[in-house]
There are 2 protein chains.
Amino acid sequence: MSRVVASITLTQGVAEHLRSLIHRGEVGPGDRLPPERVLAEQLGVARMSLRDAIKILQDDGYVEARRGAGGGTFVTELQRPVETWRARMREQVGEFDDIIDYRIALEAHTARLAAARRTQSDLAALRAAIKSLGRGRGVAAFRQADSRFHDALARSAGNARLQTAIHSARGELFTPHDFLMHEGPVEQSRQDHQAIYVAIREGDPDAAESLMRTHIERTRLQLREIVFGRDDSA
Amino acid sequence: MSRVVASITLTQGVAEHLRSLIHRGEVGPGDRLPPERVLAEQLGVARMSLRDAIKILQDDGYVEARRGAGGGTFVTELQRPVETWRARMREQVGEFDDIIDYRIALEAHTARLAAARRTQSDLAALRAAIKSLGRGRGVAAFRQADSRFHDALARSAGNARLQTAIHSARGELFTPHDFLMHEGPVEQSRQDHQAIYVAIREGDPDAAESLMRTHIERTRLQLREIVFGRDDSA
DNA sequence: GGTATAAGATCTGAACCCTGTACCTTTGCT
DNA sequence: AGCAAAGGTACAGGGTTCAGATCTTATACC
């Protein structure tokens with residue numbers, strides 16, 4: 001019987017939402033958020049609540065605000081947030097692997113469902129996401145393209161709960177800048193996505209699930225190396 | 001860009017928490033909740049907030065309050081809530097299957113992890129849960145024993161995110177009273193649990209995952225029959 | 001260079017939510 | 001009869017959220 005019921009404020013909720021968008025790469029360095037009045041309207045919250053949320057992200061170094069015409073709220077280069085995230089992952093042992101395991105649970109089965117249910121337009125969205133991983137340079141572009149693919153896949157499965165949970169799990173991760181030190185990971189990722197796409201197009205649930213699992217396990221290793229250092233000591 | 005950020009009140013959160021406990025069978029018909037002052041303390045909320053939550057459950061027919069010494073807040077026979085739930089599942093097409101698919105994603109992988117990580121005390125908890133499915137009669141006893149098993153399993157995987165998500169998904173389902181019309185389902189469930197237990201004890205992730213998947217698929221069919229009627233028309 | 005404009009920054013008051021504390025009422029038990 | 005253990009009520013203070021008005025700053029354009 002009984003466990004604590006946490007109560008987070010609207011402001012915190014909005015801050016987490018925006019932070020997740022940035023972590024997932026849906027908005028990246030240099031991008032401008034919509035004007036406060038507009039964004040508040042879109043999110044369905046009062047402008048004050050949104051401002052408080054933005055204040056939190058400002059303090060954490062995610063965004064900075066510029067006044068005047070042509071001003072707005074801009075995403076920073078994210079160096080400080082990335083370092084903070086990396087430090088947290090190093091401290092809270094097991095947290096990193098828990099998030100990855102959670103992702104595997106959700107996304108492997110999602111890939112399975114997608115293979116059975118995808119429509120033609122789902123396939124088109126997946127193809128587009130793979131294509132954009134080829135173009136663009138830099139972490140920001142990678143984050144975004146990667147996010148697009150996994151999001152398109154979640155959509156294809158047609159299950160709102162899975163999609164929400166996947167967003168939440170992915171929003172807890174954060175690809176550091178030095179992910180692209182070598183060209184390897186990006187190309188590897190592209191190949192993984194391509195293989196998953198084929199399995200889904202061919203309607204092969206077992207392959208889709210298995211490939212997704214392998215893909216995320218590979219991500220685990222690559223990220224782990226960057227976060228914890230090559231041989232665990234540093 | 002942008003999606004709505006919902007803000008639920010503490011009261012609603014507490015109500016959902018308690019509703020989930022009842023749906024999962026952790027407390028059943030006739031059980032008494034802890035005294036308001038105690039429960040409020042345990043949950044970390046003000047007594048008023050808890051009372052408002054209980055008020056909601058009262059209006060929905062989940063609990064009823066009796067005053068005086070030896071009084072308290074008691075779980076009802078749950079007939080009305082079950083009917084309400086069944087009606088909602090019939091109306092919101094796809095909702096039922098989405099919850100089940102979500103459970104499969106979470107619990108199949110959880111079983112896999114559990115097979116690799118379970119400790120001796122995890123195994124003992126699983127055995128105890130299986131045993132209690134053999135005893136007890138009635139839906140309430142079934143709900144509870146079933147819940148105990150799946151909960152013990154989630155614990156064995158040692159991943160807080162998975163455990164929370166599984167609770168949330170299971171809390172959205174509700175085993176109706178006529179689940180026990182025939183003796184079949186309960187015995188079937190017991191055998192499924194037993195087989196999953198063996199796979200986990202033997203440290204066989206593939207078997208554990210596959211058996212869990214099959215088990216929940218079976219649950220889907222049995223529940224569907226009860227919720228939607230035998231041949232889909234009715 | 002001045003001015004219109006598009007932003008962020010501030011302020012206010014009403015409504016609601018949550019908390020803590022005190023007190024009332026009912027009812028079973030000794 | 002009286003005590004104790006419950007739920008039921010009341011209220012004041014503080015925090016959140018909202019809607020709206022107003023102020024300030026910086027750019028872009030004439």
Side-chain angles (χ1 to χ4, degrees), chain A residues 1-19 21-22 27 29-76, chain B residues 1-19 21-22 27 29-76:
Chain A
M1 201 34 277
S2 77
R3 184 163 307 122
V4 195
V5 178
S7 93
I8 67 163
T9 66
L10 222 208
T11 296
Q12 289 170 312
V14 172
E16 281 317 306
H17 172 74
L18 296 175
R19 196 197 307 272
L21 286 179
I22 295 175
V27 293
D31 287 357
R32 197 188 73 172
L33 301 185
E36 289 177 351
R37 303 167 223 252
V38 176
L39 185 50
E41 166 87 41
Q42 286 177 346
L43 296 175
V45 304
R47 193 178 157 210
M48 266 311 222
S49 309
L50 171 61
R51 276 184 61 74
D52 289 346
I54 288 177
K55 181 67 169 44
I56 293 174
L57 296 187
Q58 249 174 342
D59 291 346
D60 290 351
Y62 282 91
V63 299
E64 52 194 16
R66 289 204 284 280
R67 311 223 280 189
T73 307
F74 296 83
V75 178
T76 68
Chain B
M1 192 51 270
S2 75
R3 184 161 309 122
V4 194
V5 179
S7 92
I8 67 162
T9 68
L10 222 210
T11 296
Q12 290 171 312
V14 172
E16 281 316 308
H17 173 73
L18 296 175
R19 198 197 305 272
L21 286 179
I22 295 174
V27 293
D31 286 356
R32 196 187 74 172
L33 300 185
E36 289 177 351
R37 302 166 224 250
V38 175
L39 185 51
E41 166 87 39
Q42 286 177 344
L43 296 175
V45 303
R47 191 176 158 213
M48 264 311 198
S49 308
L50 171 61
R51 278 184 60 74
D52 288 346
I54 289 177
K55 180 68 167 46
I56 293 174
L57 296 188
Q58 250 175 340
D59 291 347
D60 290 351
Y62 282 90
V63 299
E64 52 196 14
R66 289 205 285 280
R67 310 223 280 191
T73 307
F74 296 83
V75 178
T76 67

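In what follows, chains carry the letters A, B, and so on, assigned in the order in which the sequence lines appear, proteins first and then strands, with residues in each chain numbered from 1.
The nucleotide whose nearest atom lies closest to any side-chain atom of S49(B) is, among dG8(D), dT19(C), dT10(C), dT19(C). If you check dT19(C), dT24(D), dT17(D) against the side chain of R67(A), the one that comes closest is dT24(D). Distances were taken from every side-chain heavy atom of M48(B) (C-beta onward) to each of dC18(C), dG20(C), dA6(D); the shortest belongs to dG20(C). Listed nucleotides: dG20(C), dC18(D), dG8(C). Nearest to the side chain of L10(A): dC18(D). Distance from the side chain of T9(B) is smallest for dC17(C) among the nucleotides dT17(D), dT19(C), dC17(C).
Evaluation of the salt bridge (Lys or Arg N to Asp or Glu O under 4.0 Å) rule for E16(B) yields R19(B) as partners, not counting sequence neighbours.
Within 6.0 Å of the CD atom in E41(A), the count of heavy atoms belonging to other residues, nucleotides or ligands does not exceed 12. More than 12 heavy atoms of other residues, nucleotides or ligands lie within 6.0 Å of CD in E36(A), so this atom counts as buried by the packing criterion.
Between dC18(C) and T11(B), a contact under 4.0 Å exists linking OP1 or OP2 to a side-chain N or O. Taking only side-chain nitrogens and oxygens, R51(B) comes nearer than 4.0 Å to OP1 or OP2 of dG8(D). The shortest distance between the side-chain N/O atoms of T73(A) and the OP1/OP2 oxygens of dG8(C) is below 4.0 Å. Residue R37(B) has no polar side-chain atom (N or O) positioned under 4.0 Å from OP1 or OP2 of dA5(D).
Summary of helix geometry: the two end axes of the helix from dG1(C)-dC30(D) to dT30(C)-dA1(D), each defined by five base pairs via their C1' atoms, are inclined to each other by 0° (rounded to 10°).
Donor-acceptor pairing under 3.5 Å, judged by distance alone, is absent between the side chain of R66(A) and the base of dA6(C).
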